[in-house]
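All residue numbers in this chain count up from 1 along the given sequence.
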Amino acid sequence: MFNSETDSKSFFVIGVHHRGTDKVIEWSLVEYEKTYQVIKQVMKSYYPKQKKIKIFVATDDQEFLTYLKSIHPSCVIYNNFVRSSNGVPLHYGENNLYANSYQKGREAVIDCLILSRCHTLIRPATSCFSLIFTFFNPALPVIALMPN
């Protein structure tokens, strides 16, 4: 598990929130490559100043997490939470992946609080949930991405 107290002091932490399943009902998804291009820009702008960079990923989409881990295996950190591995939305219907509703809420709140402690945040502009992160840290630099 990511420790925001120690890891944010030792590393420059880029927080990435990616909605990959349930938002498809309301909005198009932000493409993996679009998110990665922004991550690369942030990494490039901070690399000379910060020697150690980590990317904290909060997502419901296992494929997105796997995608980022394949590109930066030593940089990507995340919580071992429930994710969809087949594109089926986690938050709609009964999918039996969560033990109960408490687990679902707990995982969301933990990721929310950790993302608010990152040094910069990349998030989908269409997600109200990721807007909440900024309430915990109003000074958090945010890059909000729109789907193509």
Side-chain angles (χ1 to χ4, degrees), residues 1-32 34-43 45-46 50 52-69 71-147:
M1 181 181 261
F2 174 69
N3 182 331
S4 63
E5 283 299 315
T6 59
D7 291 344
S8 66
K9 291 176 184 171
S10 302
F11 300 94
F12 181 84
V13 182
I14 301 168
V16 177
H17 178 230
H18 176 80
R19 298 294 293 263
T21 61
D22 60 339
K23 288 307 279 188
V24 71
I25 292 170
E26 295 96 8
W27 296 93
S28 296
L29 300 175
V30 176
E31 299 79 10
Y32 294 1
K34 183 174 188 173
T35 301
Y36 178 63
Q37 290 303 318
V38 174
I39 292 169
K40 278 187 0 184
Q41 290 172 350
V42 172
M43 290 175 82
S45 66
Y46 285 98
Q50 303 287 336
K52 299 176 184 176
I53 295 177
K54 292 290 184 182
I55 305 165
F56 176 74
V57 180
T59 185
D60 58 342
D61 183 356
Q62 181 60 47
E63 288 184 28
F64 177 74
L65 180 59
T66 301
Y67 168 78
L68 285 183
K69 285 172 40 180
I71 299 168
H72 291 290
S74 63
C75 291
V76 174
I77 52 178
Y78 54 94
N79 287 311
N80 189 21
F81 288 163
V82 173
R83 291 185 179 79
S84 175
S85 59
N86 59 6
V88 174
L90 294 177
H91 303 93
Y92 296 120
E94 296 298 321
N95 55 30
N96 298 322
L97 295 174
Y98 291 103
N100 51 46
S101 293
Y102 172 78
Q103 178 191 6
K104 189 185 306 186
R106 180 183 176 277
E107 290 181 5
V109 169
I110 289 170
D111 273 350
C112 176
L113 292 172
I114 292 172
L115 285 166
S116 75
R117 302 291 304 267
C118 292
H119 294 100
T120 194
L121 172 65
I122 300 168
R123 71 175 195 87
T126 58
S127 172
C128 293
F129 179 67
S130 61
L131 178 62
I132 293 170
F133 313 152
T134 62
F135 296 150
F136 291 103
N137 182 0
L140 178 64
V142 176
I143 301 168
L145 304 176
M146 288 296 293

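Between atom CZ of residue Arg123 and atom OG1 of residue Thr120 there is a gap of 12.0 Å, rounded to the nearest 0.5 Å. Atom-to-atom distance recorded for Ser84:OG and Gln62:CD is 9.0 Å, nearest 0.5 angstrom. For the atom pair Ile122 CD1 and Gln37 CD, the distance stands at 11.0 Å (nearest 0.5 Å). Asn79 contributes atom CG, which lies 10.5 Å from atom CG of Leu65 (distance to the nearest 0.5 angstrom). Annotation: the span from Ile55 atom CD1 to Met43 atom CE amounts to 4.5 Å, rounded to 0.5 Å. The line from NZ of Lys40 to CD1 of Ile14 is 12.5 Å long, rounded to the nearest 0.5 Å.
Summarising the geometry of Ile132 relative to Cys112, their closest heavy-atom pair is CG2-SG, 3.9 Å, with the distance given to 0.1 Å. Residue Pro124 comes nearest to Arg19 through the heavy atom pair CG-CG, 3.9 Å, listed as atom of the first residue, atom of the second, then distance. Of all heavy-atom pairs spanning Asp61 and His18, the tightest one is OD2-NE2, 3.7 Å. When all heavy atoms of His119 and Phe11 are compared, the pair lying nearest together is CE1-O, 3.0 Å. For the pair Leu115 and Gly15, the tightest heavy-atom approach, listed with the atom from each and the gap, is CD2-CA, 3.7 Å. The two residues Cys75 and Ile53 come nearest to each other via the heavy atoms SG-O, 3.6 Å.
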For residues 137-146, run the donor-acceptor check on the side chains, cut-off 3.5 Å, and write out each pair with its distance to 0.1 Å, sequence neighbours left out.
| unit_1 | atom_1 | unit_2 | atom_2 | d |
| --- | --- | --- | --- | --- |
| Asn137 | OD1 | Ala139 | N | 3.3 |
| Asn137 | OD1 | Leu140 | N | 3.4 |
| Asn137 | ND2 | Ser116 | O | 2.9 |

Decide ring pair (Phe, Tyr, Trp, His ring centres under 6.0 Å) for Tyr36 and His72; before the verdict, give the C-alpha distance in whole Å, the side-chain angles of both, and the deciding distance to 0.1 Å. CA-CA 10 Å; Tyr36 178 63; His72 291 290; 5.7 Å; yes

Give the intermediate values and the outcome of side-chain contact (heavy atoms from CB on, under 4.5 Å) for residues Lys69 and Tyr78. CA-CA 10 Å; Lys69 285 172 40 180; Tyr78 54 94; 3.1 Å; yes

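Within the 4.5 Å cutoff, side-chain heavy atoms of Ile39 are placed close to those of Leu68. With contacts defined as side-chain heavy-atom distances shorter than 4.5 Å, the pair Phe133/Asp111 does not qualify. Between Phe56 and His17, the closest side-chain pair of non-hydrogen atoms is not below 4.5 Å. Using a 4.5 Å heavy-atom cutoff, the side chains of Thr35 and Phe64 are in contact.
Side-chain contact check for Glu107 and Gln103: at least one donor-acceptor pair (N or O, by modelled atom type) lies under 3.5 Å. Side chains of Gln41 and Ser45: a donor-acceptor N/O pair is absent below 3.5 angstrom, by distance only.
Within the 3.5 Å criterion, the main-chain N or O of Ser74 finds a donor-acceptor partner in the side chain of Lys54.
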